[in-house]
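FYI, side chains are in, hydrogens and waters are out, and symmetry mates aren't considered; it's all heavy atoms of this structure.
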Amino acid sequence: MNRVYEKLSDEMIHVYYPLQVSADSEMYDEEPVEFTWNNECVLRQSGVRFTPKTEYKYVSEDSGFKKKMTANGEVLYTEAMRRVPGRELYCVDLEFDIGESELLLGLGQYEDGTFDHRNLTQYLYESNMRIAIPFLVTTGHYAILIDSESCMVFKSEGNKVHFIIDSAESFSYYVFLSEDIKGLIKNYYMLTGKPSMLPRWAFGYIQSRERYENSEQLETVAGSFRERDIPIDCIVQDWFSWEDGLWGEKKFDKKRYPNLKGTIDRLHDNNIHFMVSIWPNMSSDSENYREFAAEDMLLPNSNVYNAFDENARHIYWRQCWEEIMESGTDALWCDNAEPFSDADWSGENKKPEEDRYLVVTDTSKKSMSWDRINSYGLYHARGIYENWRKSYPDKRVVNLTRSGYTGIQKYGTILWSGDITATYDTLRKQIVEGINMNLTGMPYWTLDIGGFFVVNDKYENRGCNDTAHLPLWFWHGDYNDGVEDKGYRELYVRWLQFGTFLPIFRSHGTDTPREPWQFGDKGDIFYDTITYYIKLRYSLMPYLYSLGAAAYLDGEVIMRSLALDYADDEHALNVTDEYLLGPSLLVAPVYKPMYYLPNSVLIEDSPKSRSVYLPKGNGWYDFYTGKYYEGGSLIEADAPLEKIPVFVREGSILPFSDDISYADEDGGRVGRIRVYEGRDCSFKIYFDKGDGYDYEAGEYSILELKYSEENQQLAISKTGDYPVDESFDVEFIGK
């Protein structure tokens, strides 16, 4: 059969099949395709099978739709549908032969904390807590990107892997080749788009919870941060900003928010930004819904706007713009960006993984083209980005979204891990999922600090009338007393310490409040530790913002698996509970209780430490004390409640800010530099005005700092015309 092998570069190959679909013929391609690196075959396409299938359209036979409330808001449904034959498609089974030892990484973010996908099956579909991206990254000099928007299944067994694509009208894939994982990810960005720059404030602290109920609460909480001298950059309005009964309407309830612009102006006066939750599904009683219905721009059999249609994306944006954006909103939170996952996200028991995959795909097929089921969130984000940039060219897009797909990194997006639960096991798994997302080319990843669900089996006031009297499998936190439970306070502190060293720093959840003072007051160990780490985050602002710039300019990874930098260290390859934040900081989150169990039960004689592996090849400095350790060693690191183990790579340069209470307070100025001696090193500190898109035209400057170990001197050179204050102090940390 026809196959086209297109060599785009020495490191990028495109293989595609110009299909002619025939419903009664199965096709095979068993002629191998070999991919080589340094004259060695590292990957081999060993076969592909195309099995014809018919796509069906679903037509309601009811006179009208019914509606119900779910955990994802109001949805429309019908109990009587007939199938109408449509396009002829293929199911594609693509098979590769691989090596015996490389790690199989990436593929997005899931729930099980799996790092290496070898000898496993992974179901690639979008749902709450699942972000499927068909980009397999390996330690074997190759990566595979499937060029499909369909749901699919990845299977690995022995030295074979399969991608089974549910539905395809045409089919292609890309193979990237490189010396290391960094090169593979840079190739991914070359093909799909490099990450956009977020505004500087987005690297600050974001305070959220489910939910603030009116303007007064928003302003009171924001004022409390400033009164207590706790840094903050953004406060978030979660769902139900609309009038009661108008789910998803992009207008605020004037009784609870009588002057939205005035509220946002007062937040801005306090140098606090505002983010608001918006939804693609809308109540059938709302004006927004009726406009889409009148234009026939809803997805079939649903109350979800058709984000695949450019005109529908324009209408959706205009609805956001008319009140929410024109009132001064700084960021949008595109929740439920995988709008047909309710069948998975309900019920007393968690379904087996294959059943979850089938129920989501089967439900989605009633409303979406079968070969585009995974990409709704991508087009939703595209519409926000493209229209925002036309309306506000001097204001960078910030879109927190619960779902994403190949290429979404170029649309000003932050992805987060969905409605996770407050358990130490979840915390442990989230470390791996964050690493995987960055390996999959998504640099701006975050989570709900403290877990979204805190208590166990709570249903009231959720509006989920189809499951109101049943347990919900996902609602199983360990702490029924919330912040009153010292066990939860300890867990929250550990989670916030972890969050301090994530690309985006955001607290959110239900069941119990999340503001720092809910965990105590000055002098209390929980409160003091929380506020210490929020302030520490702000001291790292020049470093963090420069990491964002490096992702945009150079395709660098922010939250890095040890496999990126220590591929020759066999022990480091298998470490999944540590990571590097940028090139310099080794972070080892604490994910076991040391002080309290649930219900404030005291733990007796628990060691206040955790094992940390320090990769070989260089030495390491304790971030807090400056104590030096040799690399290639497993140490028992101090980890009392007040401390998350963090180490600095020997031969590092770290820029710090002075004490600031919001990210732009000093315009990105560097207050001091620390040089960690032991070897030659360099670091590029990035400067621009912190917002807008002038950087795309080169309106920025870079200070490149180079340290010579032989001369023990720091050389500084500047490129770019953006003004930079170079009056910072320099401190040298040595053995």
Side-chain angles (χ1 to χ4, degrees), residues 204-209 221 224-233 422-424 426-428 430-431 446-451 454 478-479 481-502 504-509 512-541 544 577-578 581 585-598 600-603 606-610 612 622-625 637-647 656-657 659-661:
Y205 179 64
I206 300 173
Q207 180 65 65
S208 182
R209 66 153 128 149
V221 170
S224 293
F225 272 91
R226 292 293 179 238
E227 290 166 8
R228 292 172 175 267
D229 193 28
I230 304 172
I232 185 175
D233 262 279
T423 69
Y424 278 97
T426 301
L427 172 56
R428 166 69 180 88
Q430 288 291 293
I431 303 168
T446 189
L447 43 65
D448 293 350
I449 290 175
V454 175
D478 282 347
Y479 304 92
D481 292 328
V483 295
E484 301 305 316
D485 187 334
K486 291 182 179 179
Y488 180 66
R489 293 188 179 199
E490 180 185 353
L491 173 68
Y492 184 87
V493 167
R494 294 308 196 185
W495 220 311
L496 183 128
Q497 290 170 329
F498 172 37
T500 301
F501 297 95
L502 288 178
I504 303 297
F505 186 31
R506 166 182 168 271
S507 173
H508 179 65
T512 195
R514 306 296 171 112
E515 299 79 20
W517 51 88
Q518 306 290 350
F519 296 84
D521 213 327
K522 287 184 179 180
D524 181 280
I525 189 173
F526 301 108
Y527 176 90
D528 288 350
T529 305
I530 289 169
T531 55
Y532 169 81
Y533 275 93
I534 293 176
K535 291 179 179 180
L536 177 59
R537 172 75 177 198
Y538 280 80
S539 75
L540 291 168
M541 193 59 63
L544 295 163
D577 60 354
E578 306 169 20
L581 182 65
L585 295 178
L586 177 69
V587 184
V590 177
Y591 51 87
K592 294 180 181 178
M594 297 178 181
Y595 296 83
Y596 296 98
L597 298 173
S600 301
V601 174
L602 183 67
I603 300 174
S606 172
K608 307 301 187 289
S609 62
R610 66 148 287 181
V612 176
D622 186 299
F623 177 76
Y624 307 96
T625 68
D638 289 340
L641 186 65
E642 306 97 309
K643 181 179 178 182
I644 176 179
V646 180
F647 295 85
F656 295 86
S657 71
D659 291 339
I660 55 175
S661 57

Any donor-acceptor N/O pair, Arg494 side chain to Tyr424 backbone, under 3.5 Å: no
Donor-acceptor under 3.5 Å (Asp638 side chain, Ser609 main chain):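 It does not hold such a pair.
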Electrostatic pair [X]-[Y], nearest N-O below 4.0 angstrom:
X: Asp622; Y: Lys643; result: yes
X: Asp528; Y: Lys522; result: no
X: Asp481; Y: Arg489; result: no

Residues in side chain to side chain donor-acceptor pair (under 3.5 Å) contact with Ser507, at least two apart in sequence or another chain: Tyr492
Quick one: are [X] and [Y] in side-chain contact, heavy atoms under 4.5 Å?
X: Gln207; Y: Pro516; value: yes
X: Phe498; Y: Val590; value: no
X: Tyr533; Y: Ile644; value: yes
X: Thr500; Y: Tyr532; value: no
X: Asp233; Y: Tyr538; value: yes
X: Thr446; Y: Phe505; value: no
X: Glu515; Y: Ser224; value: no
X: Phe519; Y: Thr529; value: no

I need the minimum non-hydrogen distance between [X] and [Y], along with the two atoms involved.
X: Pro231; Y: Ile660; value: CG-O, 3.6 Å
X: Tyr488; Y: Ala422; value: CE1-CB, 3.9 Å
X: Arg610; Y: Pro645; value: CG-CG, 4.0 Å
X: Ile603; Y: Ser606; value: CG2-CB, 3.6 Å
X: Phe656; Y: Leu540; value: CE2-CD2, 3.7 Å

Would you give the length of the straight line joining atom [atom1] of [X] to atom [atom2] of [Y], rounded to the nearest 0.5 angstrom?
X: Leu581; Y: Leu586; atom1: CG; atom2: CG; answer: 10.5 Å
X: Asp229; Y: Thr531; atom1: CG; atom2: OG1; answer: 9.5 Å
X: Asp521; Y: Tyr527; atom1: CG; atom2: OH; answer: 6.0 Å
X: Glu484; Y: Thr512; atom1: CD; atom2: OG1; answer: 7.0 Å
X: Tyr205; Y: Ser661; atom1: OH; atom2: OG; answer: 15.0 Å

Salt bridge (Lys or Arg N to Asp or Glu O under 4.0 Å) partner of Asp448, chosen from Arg514, Arg506, Arg209: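 Single pass found, and it is Arg506.
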CA sep, side-chain torsions, deciding dist, call: Phe526, Glu490, side-chain contact (heavy atoms from CB on, under 4.5 Å): CA-CA 7 Å; Phe526 301 108; Glu490 180 185 353; 4.3 Å; yes
Contacts of Phe501 that satisfy ring-ring contact (aromatic ring centres under 6.0 Å, His included) - sequence neighbours left out: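 Partners of Phe501 under the ring-ring contact (aromatic ring centres under 6.0 Å, His included) test: none.
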Side-chain donor-acceptor distances from residues 591-598 under 3.5 Å, at least two apart:
unit_1	atom_1	unit_2	atom_2	d
Tyr591	OH	Asp577	OD2	2.5
Tyr595	OH	Leu641	N	3.0

Worked verdict on Lys608 versus Glu642 for side-chain contact (heavy atoms from CB on, under 4.5 Å): CA-CA 10 Å; Lys608 307 301 187 289; Glu642 306 97 309; over 6 Å; no
Near-ring test Trp517/Phe225, centroid separation under 6.0 angstrom: yes
side-chain contact (heavy atoms from CB on, under 4.5 Å) evaluation trace for Ile232 with Ile534: CA-CA 8 Å; Ile232 185 175; Ile534 293 176; over 6 Å; no
Residue Asp524 excluded, over 12 heavy atoms near CG under 6.0 Å: yes
Evaluation steps, side-chain contact (heavy atoms from CB on, under 4.5 Å), between Ile206 and His508: CA-CA 9 Å; Ile206 300 173; His508 179 65; over 6 Å; no
